[in-house]
Structures are given as structure tokens and as C-alpha cells.
Amino acid sequence: MSEAVRYEYGTSLCSVQENRKLIVEECDRESIKDELRAANFVREGSKYVKKRPRLRIAAGQDAEEDALQVLSVRLVDNSLHVKPSDIVGIVSLVPGMNVQIEPKVDWEHVIEMLLTVYDIDRTQSYYGVPLSELVSSGVESTRIIAILAINYVHGLRTIRRNGFIRNLHINRRNGFEGLGSVDVEQTLMNHATGNPAPTWVETQVEYGNPVNSAIHMAGKLLLRLLQQDQDGHSHPRQDVLLSMVHQEVERMEELGVASSQKEVGVYRRLSLHDLPRQRNYYRRAFYTAQSILASALLGQVGGGPEELLVDYALSMNSLFQDYSHRVLSRKVGSIRTIDYLDQLSDIECKPEPSIYPFAGNAEARHEPDHLLTDGDETLAVLDSKYYREGKNPANESESRSRMFAYAYLTETNRMAFLCPQYQHVRLPVQRTGAEVEIVSPDDEFTCDAYEDIIEGYLLETLAIEYPELRVFDAATEAHLCLSGVSDGDLSDIHDTNGPFSINNPATFADRVISAIAFSSYGPNKPELDDQGRWTKSRIKDACGKTDEEDHPKYPRHETTCVPVYDPEGNDDHGTVTLYFLKSVDGETQVSTEGPWALM
């Protein structure tokens, strides 16, 4: 356990990493309990606990029941022993003191995880407006603004799907021209009384109400923060948020929603209880808006954005799990694009599926974080573990036992812990064919490195059932090199009389070298020693290779070959690798020969 971080009472901002202890010294025992209550701490036994609604609320969960414990505090002599949970954010400790809880990974990667989970494109650039590095007491406020902007956008998307709160005004008007529908009964009565004009029923929809206006005002404040430029600093990957917030604010204005600076006090006094019960889907956007409106923003209270200290909290355990699932799903889709045989249509990565160990008993169940399935078959069970750097989840008895239970119940022998800060490790389980793998970047955590190693794990797992994927991946990462053949021909990879036939090894070898020599990525024949005859000879010999009993290792009537050229294979002219596919008892075996330097 890391050593506790110490600050003196009265320090305006105390910084501590999640799950580490913070000690605030020289407190007044007589007044500190009242100050904790004033900061919304609640006493539970011998400690004080502070909870916050989650910015991210799972479907079907009640925000109050699912509130997030962000800090627990014990009073020891004249010191406060403060312990944050697996959350990040800025939380008020006592009046005048705030605790900034830092993530285990860099803030840049936390923002990337949020963008991924909420499916906001990280690569596009909107308007070219740089974002400010607003600094408050050494805190980069863009961290807070980015999290609030992401939740604001996601909350409004949810509202748009389910419908904005609105008022309906029904007007009736007599005349021969009108809009809306005709009140047939009233029109007939008009005729009976000598008035031939029909009665029109016109319905006007009004979206202007305090709740919508409060959310609109929060969006305008976010835009002003995102557009400011102090000292020319900019924060990477956040320009997209400006466009997203701008788009949502514009859509509200198109509905007629407006807000006024004069009504900020009214907006701040609104609460979730002012929402109709059937409008619970407003929670995320409403809470985010209230977090913005309650802050010292743009001169409303104090000196402006430099005093922005929003009391917010975000569960990193939940975020990392959701992020991992989004990455798994995306990578399955990416691998599916190289499946030229359309074998992966039933492959799916399921989040938190319910597994019932007893027939007819729905109360006893297990819920692994992720299951990789192929129809009804489970290919792998995966568990996200947002552990501190250097901690091996396989050494933890409880995590290991749960993982073995998941594997037993799903009848799979492939298990993986997904970690941000460990290393890539394989752990064969004794006396079984099972294996536990720790999937983690070997070096410092980055989202790109984590996503790459996830893709590698999925590809390896799927290639156990569908070995052709190894060949498809190799041809995608490098170059398929066979004259007269393109990637689209990989759908005929098993046709022994098709484009990948090795019935004539000499001709096959010529086609390999010719494809490279006439390509835009390979050397010309004059650049090669003896026009590449050495490599041709290696290819020809490989096609005619025999086993220990002098039988053909690659029988031509049941074997095909896919040659792959890698320009980066060596320093000179690259390398050639042959992938042989042989069908044995209805199953495909993939063998490789090479790589050979192109000489």
C-alpha cells in the first residue's frame, strides 16, 4: 500500500490518487464534525461517508439507491483520515477545502475511454476551435469540462430518443382554411345551425419549461467555456466536444427552448423531484446541467472560469468495464471485416450476461463482465480488473475462484483478465487444457496499446475455431503477393484448383516473385540478386516438402497456399511467408514456411 498523502487543514485543494489515503492534519475536533455535515457527509458507524449520484447511471437502476460512495472519513485525534474509492473527480471535503482524486492512468486516457464508451468520434475535427487549458489552483479544468460535456451530450441524446417534456395547447377555430384536423362533430353541428365553415382543431406543442431551459442554459455555459482561449493552450481530442454540445443546444433551440441568465437562480433550485416520474431518462442530462449551474461559472459567483470547481465523481471501475466492452465489440466487428468466408456471423461479445447454475432457480446467478460467444458456444470468458499498477489479478483468490466458476459454467477453457497496468502473461492451468491470460500492455498504458492487445487476443481466440483468420490477418497486415489474385479471391482459399493452387510449384513461385516485382510496394526484379531466383527456389522447395516418412507434407490435392509479402520484414527488400492450408478430417490446418528474405 502506498504511503498516505498529507495536507494541513485549510489547504484549498488536496490531490490524492484513487484508493490512496489522504490525511488532513491539525483539525479542530470541536468544529470538524459540523463542517463534515455541512459538506453533506453522513455518519455511518465510526466513519463519515459522502455519496454522489453517478454521472453514468445503468439502465434500470435507481439513481439514489445506486449512489456512488466517493469519500469515507475517520476522525483520528486531530486528523482526518480520508479514503477515496475507485472514483475520480473533485469533491468538497469541508467548506473551503476540496479533494481532487486522480486516476491511476493519465487523464488523457480517461477522456478517451469516455469518448469511446459514449461512441463520440475521437478523430474528427469540428470548426478548428482550440480548447483552453483553464487552470484553477493548479487544476486543469478541461478535465472537468470534458467529462461534463460528454455526459451532457449523452444525456441529451437519451432525451431526444425518448422525448422532451412538452406542453400541448389545443385551439379550435372556424373557417374554410386551416391547419390540423377537423372536428367532425362540431362541423356537423355548425351545418345544422346554418354555418357551413368547418371547425379546425389546431395543436401547438410548447417545449419551453424550466427543466428544458435549465439544460439549455447549461449547454450555453459549456459552449462559452469550450470556446475560451487563455495563453494559447489547447487540450487534445476535445474539439469534437464543442461541436457535439453546439449541435445539441441548436436542436433544443429549434424546438423553441430558450433560457435567460436572469433565471439562473430558478434553474439552480430545480431538483429531480420536479421531473415527472415517467421522465427518469432526464436524470443524466439534468444532473450534469445542475453540476454546471451550481459552479462558479463565468462571473456568476466570484471571478469566472478560473474558479470552476465542480463537485463531481466518476467510477473508474465501471468506466473501465464499459470501455473494455466497447473495445471488445468494436474489435469483433473489425475482425469480421477480414472474414472472407463469412464464418463469424454468430460471434458476439456479451456484457454482463446472466448465468444460472441451477435449473428453475432465477435468483442464483453469476454475471461475468464479458463473454465471447459463437452462437450457444462460449469461446472465452473475460473479466475487467481496474487494478493498480503491478497487481496480478490471478493471484487474488476471490477473483481467480470467480473466473474458474465462470469457465466451468460456460464450458470454456479460455479465460482472460483485462487490466490497464500489468503485463501480458499466459498462465496454463495444471492438469487441464485451460489457460488464464492477463491481457495488458507491457509498457505504459495507452488506449491505443490496450485496444491493440485486445484485438490480438480476440484474433488468437477466434483463430482456434477458425484458423483461416490467421491467414486473412497476415494478408491484411502485409500484402497478398500472387499475380492475378486480389484480396477478394481469399473467399476461394480452400479451392485446390483455384487461385491458390500449388499443383505446379515452379509456376506458383514465379507468380509470387512477379506479383512483388510489378507492385508499388516491392522492389523491381533488376534490384534483386539473380532476379530473386534464390527465393523462388525456397518457395518451390517448400511446396514439395516431405515428412519423416517421405510423404508429401502438403499434398497438392488437399492443400492451398497463400503467400504474404512484408516490405518491413528486413532492411533490404522485405520477406515472403507462405501460409499452407490443408483440410484434414473436415478441419483446417494452417502451417507456415518462412519468412525468407527476398534476395
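All values derive from a computational prediction rather than experimental measurement.
With Asn98 contributing its side chain and Leu93 its backbone, the two residues share no donor-acceptor pair below 3.5 Å. Using a distance-only test at 3.5 Å, with no hydrogens or angles considered, no donor-acceptor pair links the side chain of Asp106 to the main chain of His109. Judged by distance alone, with hydrogens and angles left aside, the side-chain atoms of Arg157 form no donor-acceptor pair with the main-chain N or O of Tyr152 at under 3.5 Å. With hydrogens and angles disregarded, a donor-acceptor distance shorter than 3.5 Å links the side chain of Thr446 to the backbone of Ala449. Of the possible donor and acceptor atoms, one in the side chain of Thr11 sits under 3.5 Å from a partner among the backbone N and O of Glu8. Judged by distance alone, with hydrogens and angles left aside, the side-chain atoms of Glu18 form a donor-acceptor pair with the main-chain N or O of Lys104 at under 3.5 Å. Panel note: side chain Lys50, backbone Ala39; a donor-acceptor pair is recorded below 3.5 Å. Side-chain atoms of Ser334 do not come within 3.5 Å of backbone N or O of Arg330 as any donor-acceptor pair.
Rounding to the nearest 0.5 Å gives a distance of 9.5 Å between CG of Leu223 and CD of Glu250. The CD1 atom of Ile159 sits 9.0 Å away from atom CD of Glu248, with the distance rounded to the nearest 0.5 Å. The NE2 atom of His370 sits 5.0 Å away from the OG atom of Ser324 when rounded to the nearest 0.5 Å. Rounding to the nearest 0.5 Å places NZ of Lys220 at 11.0 Å from CE of Met252. In this structure, CZ in Arg29 is found 9.5 Å from OG in Ser79, a value given to the nearest 0.5 Å. Within the model, atoms CG of Leu328 and CG of Leu371 stand 11.0 Å from one another, a figure rounded to the nearest 0.5 Å.
Proximity of Met113 to Thr116: side-chain heavy atoms (C-beta onward) are nowhere separated by under 4.5 Å. Counting only heavy atoms from C-beta outward, the side chains of Val249 and His216 approach each other to under 4.5 Å. Met316 has its side chain within reach of Val110: a pair of non-hydrogen atoms, C-beta onward, lies under 4.5 Å apart. Between Leu71 and Ile101, the closest side-chain pair of non-hydrogen atoms falls below 4.5 Å. Using a 4.5 Å heavy-atom cutoff, the side chains of Leu418 and Asp383 are not in contact. Side-chain atoms of Thr373 and Lys350, non-hydrogen and from C-beta on, do get closer than 4.5 Å to each other. Contact annotation: the side chain of Leu13 never approaches that of Tyr7 to less than 4.5 Å [non-hydrogen atoms, C-beta and beyond]. When side chains are defined from C-beta on, Ile23 does not count as touching Val5, because their heavy atoms never get closer than 4.5 Å.
Closest approach of Ser315 to Ile87, counting heavy atoms only: CA-CG2, 4.1 Å. Closest heavy-atom contact between Ala214 and Ala289: O-CB, 4.2 Å. The two residues Asn212 and Tyr282 make their nearest non-hydrogen contact at OD1-OH, 2.7 Å. Taking all atoms of both residues into account, the shortest heavy-atom contact from Leu222 to Ala149 is CD1-CA, 3.9 Å. Between Met403 and Val381, the shortest heavy-atom distance links the atoms SD-CG1, 3.7 Å. Nearest heavy-atom pair, Lys21 versus His81, reported as atom, atom and distance to 0.1 Å: NZ-ND1, 3.7 Å.
Under the side chain to side chain contact (heavy atoms under 4.5 Å, CB included) criterion, Asn162 pairs with Thr158, Tyr281, sequence neighbours left out. Evaluation of the salt bridge (Lys or Arg N to Asp or Glu O under 4.0 Å) rule for Asp369 yields no partner, not counting sequence neighbours.
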Let me have the donor-acceptor pairs involving side chains of residues 42-49, under 3.5 Å, with sequence neighbours excluded, atom names and distances please.
residue: Arg43; atom: NE; partner: Gly45; partner atom: O; Å: 3.1
residue: Arg43; atom: NH1; partner: Tyr48; partner atom: OH; Å: 3.4
residue: Ser46; atom: OG; partner: Arg74; partner atom: NH1; Å: 2.5

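A salt bridge links Glu25 with Arg6: the closest approach of a Lys/Arg side-chain nitrogen to an acidic carboxylate oxygen falls below 4.0 angstrom. Between Arg251 and Glu254, no side-chain nitrogen of the basic residue sits less than 4.0 Å from a carboxylate oxygen of the acidic one, so the salt-bridge criterion is not met.
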Working for salt bridge (charged side-chain N to carboxylate O under 4.0 Å, His left out), residues Glu389 and Lys391: CA-CA 6 Å; Glu389 185 174 3; Lys391 183 175 180 180; over 6 Å; no
Take Arg20 and Lys83 through the side-chain contact (heavy atoms from CB on, under 4.5 Å) test and state the conclusion after the steps. CA-CA 6 Å; Arg20 287 187 62 180; Lys83 182 69 183 295; over 6 Å; no
Check against side chain to side chain donor-acceptor pair (under 3.5 Å), Gln421 and Glu444: CA-CA 7 Å; Gln421 292 183 304; Glu444 183 179 353; over 6 Å; no
When you look at Tyr450 and Glu455, which way does the side chain to side chain donor-acceptor pair (under 3.5 Å) test go after all the steps? CA-CA 9 Å; Tyr450 180 71; Glu455 184 172 21; over 6 Å; no
Can you list the steps and then say if Tyr457 with Leu372 is a side-chain contact (heavy atoms from CB on, under 4.5 Å)? CA-CA 11 Å; Tyr457 177 82; Leu372 182 65; 5.7 Å; no
Could you check Ile165 against Tyr207 for side-chain contact (heavy atoms from CB on, under 4.5 Å), going step by step and ending with a plain yes or no? CA-CA 6 Å; Ile165 295 174; Tyr207 293 94; over 6 Å; no
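Using cut-offs of 30° and 60° on the angle between ring planes, the pair Tyr406 and His366 is perpendicular.
Between Tyr386 and Tyr323, the ring center distance fails the sub-6.0 Å criterion. Not less than 6.0 angstrom separates the ring centroid of Tyr422 from the ring centroid of Tyr387.
Counting only N and O atoms by type, the side chains of Gln100 and Glu102 include a donor and acceptor under 3.5 Å apart. Checking Glu35 against Tyr9 by side-chain atom types alone, a donor-acceptor pair falls below 3.5 Å.
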